[in-house]
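Below is one structure, written out as structure tokens; comments come after it.
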Amino acid sequence: MAARGTARRGAGGGSARGPDPQEEPPPPLQAVLVADSFNRRFFPISKDRPRALLPMANVAMIDYTLEFLTATGVEETFVFCCWKSAEIKEHLQKSKWCRHTSPNKVRFVTSDLYRSLGDVLRDVDAKSLVRSDFILVTGDVVSNFNISKALEEHKLRRKMEKNVSVMTMIFKESSPGHHARCKEDDIVIAMDSATNRVLHYQRTQGLKRFRFPMSLFQNSIENVEVRHDLLDCHISICSPQVAELFTDNFDYQTRDDFVRGLLVNEEVLGNQIHMHVTTEEYGAHICNLLMYEAVCSDIIRRWVYPLTPEMNFTDDKNQSYTHSKHNIYRGVDVSLGHGSVLEENVLIGQGTVIGSNCSITNSVIGQNCRIGDKVTLDGAVLWDRVHIADNVEIHHSVICDEAEVKEKVKLKPRCVLSSQVVVGPGITLSEGTVISLHPPDEEEEDDDQFSDDSGVNKESKVKLKGYNKKDVGSEGRGYLWKADDKNEEDEEEQRQSLWGPAMPSEEESESDSDLSMGSEEPDSRAASPQLDDIKVFQNEVLGTLQRGEEENISCDNLVLEINSLKYAYNISLKEMMQVLSKVILEFPLQQLDANLDSQNYFSALLPLLKNWTPLFKNYIKRASDHLNALCAIEEFFLEHDSLCTSIAKVLMTFYQLEILEEDVILNWFSLRDTSDKGKQLRKNQRLQKFIQWLEEAEEESSDGDQD
Amino acid sequence: MLNLDTKMKLDFVCISDNMDMGTADSLRHIHQKIKTDVLVLSCDLITDVDLYKVVDLFRTHDASLSMLMKKAHEPTEGVPGQKGKKKPVEQRDFIGVDDTGKRLLFMANEADLDEELVIKRSILQKHPRMHIRTGLMDAHLYCLKKYVVDFLVENRTITSLRSELIPHLVRKQFSSPASLQQGLDNKEEDQKKKEQASLDIYSFIKEDNSLLKPAPDNSCWNDQRGDMNETLHEGKVRCYVHIMKEGLCYRVNTLGLYIEANRQVPKLLLNLGLEESLVHGSAQITDRGMIGSDSIIGSSTQIGEKTSIKHSIIGSMCTIKDRVKITNCIIMNSVTIEEGCCLQGSVICHNAVIEKGADIKDCLIGSDQRLEAKAKHVNEVIVGTEQLMEI
């Protein structure tokens with residue numbers, strides 16, 4: 001194909017330029033490939049190599065993405081690089097994509113200023129790079145999806161209703177619990193099954209219940225389908241409007257922001273998002289090491305056919321493999337020692353030498369590796385030029401370029417050795433150990449960076465620090481990125497973020513708790529909790545009295561206010577009395593706070609009682625009111641044991657202020673049907689004295705009457 | 001009326017008026033008579049559904065419950081006596097079914113929901129595709145397993161099938177009995193408190209599964225499509241629903257639906273091949289030609305000259321005189337309609353008398369009412385004070 005021109009006005013390393021194709025009736029299909037993740041999930045691995053270049057079954061991830069785009073008919077791809085852009089550019093310029101024969105023209109746009117996908121798309125808009133619908137992917141998508149049908153649907157929708165549908169997202173159907181479904185990238189979608197319109201899009205990480213706003217069901221959609229069996233491929237067909245919308249809404253950083261924003265504002269903006277679900281084809285987005293491992297094994301197991309290792313789609317002569325049964329792939333010049341077994345799903349790169357009596361299964365081994373004798377590799381991913389000494393055992397771990405594992409080292413699952421790290425001899429790395437030549441605290445220095453760039457030149461500074469021999473072995477080189485006691489949580493996070501949250505054990509417990517939640521779900525038949533009017537009323541009364549105290553409002557007005565409250569909350573006179581007594585008795589507690597002491601308490605209460613005497617008198621009229629008030633007082637003192645001693649004084653005050661009458665107090669005292677605590681209270685010495693005094697006083701007065 | 005040849009054995013159980021019994025109470029009342037799985041339906045259901053579809057669903061899936069639903073009818077014509085076109089503000093039901101449209105996964109009423117519809121993750125984990133349907137009408141026809149009835153007997157708090165038992169069963173599908181066992185140890189008191197509620201439906205199922213226990217482990221059959229982790233631990237409570245796509249299904253619980261159902265019944269009878277029964281043999285009709293083919297005339301009814309009857313149901317022992325026009329009406333037994341009346345879209349109850357030349361449109365006339373000659377009524381409810389008919 002002839003070299004194509006470019007409508008690009010922006011900066012960036014160019015490839016071939018040619019005549020402008022704009023006049024051609026069907027505009028060539030364009031793609032925007034974002035070769036940066038704008039996060040640090042792959043730290044420390046991506047410190048040495050950008051994520052897009054991480055080898056996936058010995059081929060850089062970006063090659064898969066480009067192959068997918070080319071195979072699906074994309075003719076022009078804009079590769080946006082940021083972190084380590086030079087490396088990406090160099091890699092691609094050597095690859096088949098930049099040859100003249102390539103049907104897919106690759107153009108680079110580099111800038112250190114990109115901080116998010118939003119920035120990239122705003123730049124796309126500013127530079128008017130796209131002329132028509134384009135495909136938006138990130139540099140870590142592996143897929144064999146044929147976009148043509150989805151594109152057709154997308155175009156048809158755009159034609160039917162002009163500019164309403166702005167984006168079509170591609171999903172792959174896969175059941176929950178599928179190994180390629182990453183917990184952290186899991187989504188639940190509500191769609192209109194008639195039109196494939198996305199109504200609701202939600203990430204499900206950490207959610208036990210999914211909430212769907214009622215507005216989804218309000219309109220004329222007859223059948224709303226809730227789907228939790230979808231894997232987001234992170235491939236979307238976008239109209240040029242998408243880039244414009246990113247420009248208009250400069251707070252959109254990620255595609256999630258965009259989707260959410262569009263769905264929420266659908267009524268305002270009138271834009272819709274649709275979806276396309278594929279059942280047959282493969283598509284996955286590598287967002288963490290767990291996904292990395294899952295996709296790796298999918299490639300080896302030929303799920304991504306025709307993107308299999310022996311196809312050598314990158315057309316690199318170092319990457320030719322022969323495929324034999326049980327999915328064993330061997331490169332050129334691989335030597336396998338006597339007694340070594342390749343069980344199944346093994347990929348061995350060119351020039352690798354494997355010693356004798358090894359057992360290798362479900363593993364990927366890069367080029368020019370040296371593997372000693374009696375080595376066990378299970379689910380290991382070895383990059384290029386890795387040295388493994390004798391008697392090493394590696395389970396489900398990733399070992400980057402030129403790392404070295406000395407004799408008798410054992411790597412438990414989910415270990416990561418980043419490039420040039422040396423471990424051993426004779427140590428065992430516990431689960432989830434991450435070792436890198438970059439010390440972890442280096443990270444803090446470039447905290448201002450949002451993108452995973454920088455930190456390159458700072459190595460010299462921190463080299464001064466020695467390696468901890470305990471962590472990496474006597475001959476080891478590298479810093480441990482995990483298991484530092486001081487900030488264990490941080491490190492835990494780190495490991496999690498590298499590997500992703502889906503650990504099988506966690507999953508188990510989660511589903512368990514989920515189930516139990518189900519059974520604990522409140523029955524609809526359970527009585528609904530009664531609205532506690534009294535509580536509210538009590539608070540209101542308290543507020544009123546506080547205001548009365550502060551602003552010196554007269555008792556008459558207070559009575560008016562409380563009366564109106566009483567009616568508003570429909571409070572009976574009895575309840576009213578109890579609440580009032582309680583509120584007033586509790587009043588000093590607030591002022592005293594900590595030093596609860598019966599002396600202080602009483603001295604604080606006394607002026608209040610004096611002030612509010614008319615209040616009480618207003619409500620306490622009949623004998624039963626007196627008794628109610630007394631009960632409330634008793635209750636209060638029962639609740640506040642420490643103040644018990646002042647009960648006599650309080651009652652005395654009430655008596656002296658002529659709020660309570662003596663025979664009612666006596667009556668109350670002799671009440672029989674009280675609780676044990678109440679009886680205890682009545683044994684209070686001072687109270688008994690007070691009662692005695694009252695009794696005597698009564699006798700006297702009655703005596704006096706008789707006289 | 002009831003044919004004695006019918007193969008069905010009928011057993012009437014009377015419930016006294018002054019007992020406030022719900023549907024579940026009634027079922028509990030007769031539980032001793034229920035020896036096996038049971039079909040429960042309400043008397044106001046008129047349908048030509050093939051019952052085997054509901055029952056098959058019940059049997060194939062060894063379900064705890066299977067029920068019948070149908071897309072709700074849009075009210076076609078106004079209801080007599082209804083002023084204005086007020087749109088009934090109904091509480092919609094949200095029904096979640098799986099991909100096959102048979103498994104009932106979720107059920108909620110709008111009244112119980114706030115701003116959001118909440119679906120538990122565990123449900124979607126097992127059934128990742130759920131269709132949320134609104135606008136379905138529950139036909140109140142349920143197939144229940146025997147153990148559900150047993151459960152009901154123990155759980156005296158449940159009074160209604162539709163609003164309590166069914167949602168409870170639907171929810172129980174996705175809660176595990178195991179975790180309940182744990183809860184039993186932890187909070188014995190709690191257990192006692194809600195003994196009835198958590199004397200859980202599972203405890204009623206166990207017995208009949210003891211024989212079959214190894215079966216699910218050895219068979220590759222299973223009933224779910226989602227997460228296969230727990231395939232073989234599929235909950236033992238399973239609810240299914242048959243959603244009628246076409247056919248007749250009415251729940252006659254409003255006047256509007258009553259009229260609508262009456263309109264549909266002639267078609268139903270025609271479908272059953274009972275054409276001749278539309279006009280009863282003992283009816284005396286002067287102008288046969290004026291009677292529409294979709295009208296029903298009861299026994300001993302007399303119809304005068306030049307009287308036309310269309311889309312209407314006439315009861316027995318009625319007297320309809322000459323030159324009367326009746327369209328879209330339901331006329332009950334022993335009604336007298338005198339000469340020259342014109343009736344449209346109305347319901348006339350027993351023993352009413354409509355005198356000469358009355359013109360009635362969209363009205364509800366109560367029993368024993370007498371409308372004067374030349375009276376003109378539109379959209380009215382005319383009933384005796386002592387017997388207000390419930391609308």
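Naming convention: chains lettered A, B, ... in sequence-line order (proteins, then strands); numbering from 1 in each chain.
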Inset, instruction - Give a yes or no on this: more than 12 heavy atoms of other residues, nucleotides or ligands lie within 6.0 Å of atom NZ of B:K146. - result: yes
Spacing of [atom1] belonging to [X] relative to [atom2] belonging to [Y], to within rounding of 0.5 Å:
X: A:R209; Y: B:K120; atom1: CZ; atom2: NZ; answer: 6.0 Å
X: B:K126; Y: A:S175; atom1: NZ; atom2: OG; answer: 14.5 Å
X: B:Q125; Y: A:T204; atom1: CD; atom2: OG1; answer: 8.0 Å

Inset, instruction - List in chain and number order the residues that pass salt bridge (Lys or Arg N to Asp or Glu O under 4.0 Å) with A:R227, two or more places apart in sequence or in another chain; answer none if no residue qualifies. - result: A:E173, A:D229
Inset, instruction - Could you pull out the closest heavy-atom pair between A:V226 and B:I119, with the gap in Å? - result: CG2-CD1, 4.3 Å
Legend entry - Distance-minimising heavy-atom pair for B:E116 and A:M214: N-CG, 3.8 Å
Legend entry - A:D192, part contacting chain B, at a heavy-atom distance under 4.5 Å: neither
Legend entry - Within-4.5 Å side-chain heavy-atom neighbours: B:L117 and A:H200: no
Legend entry - B:R121 side-chain N/O to A:L207 backbone N/O, donor-acceptor pair under 3.5 Å: yes
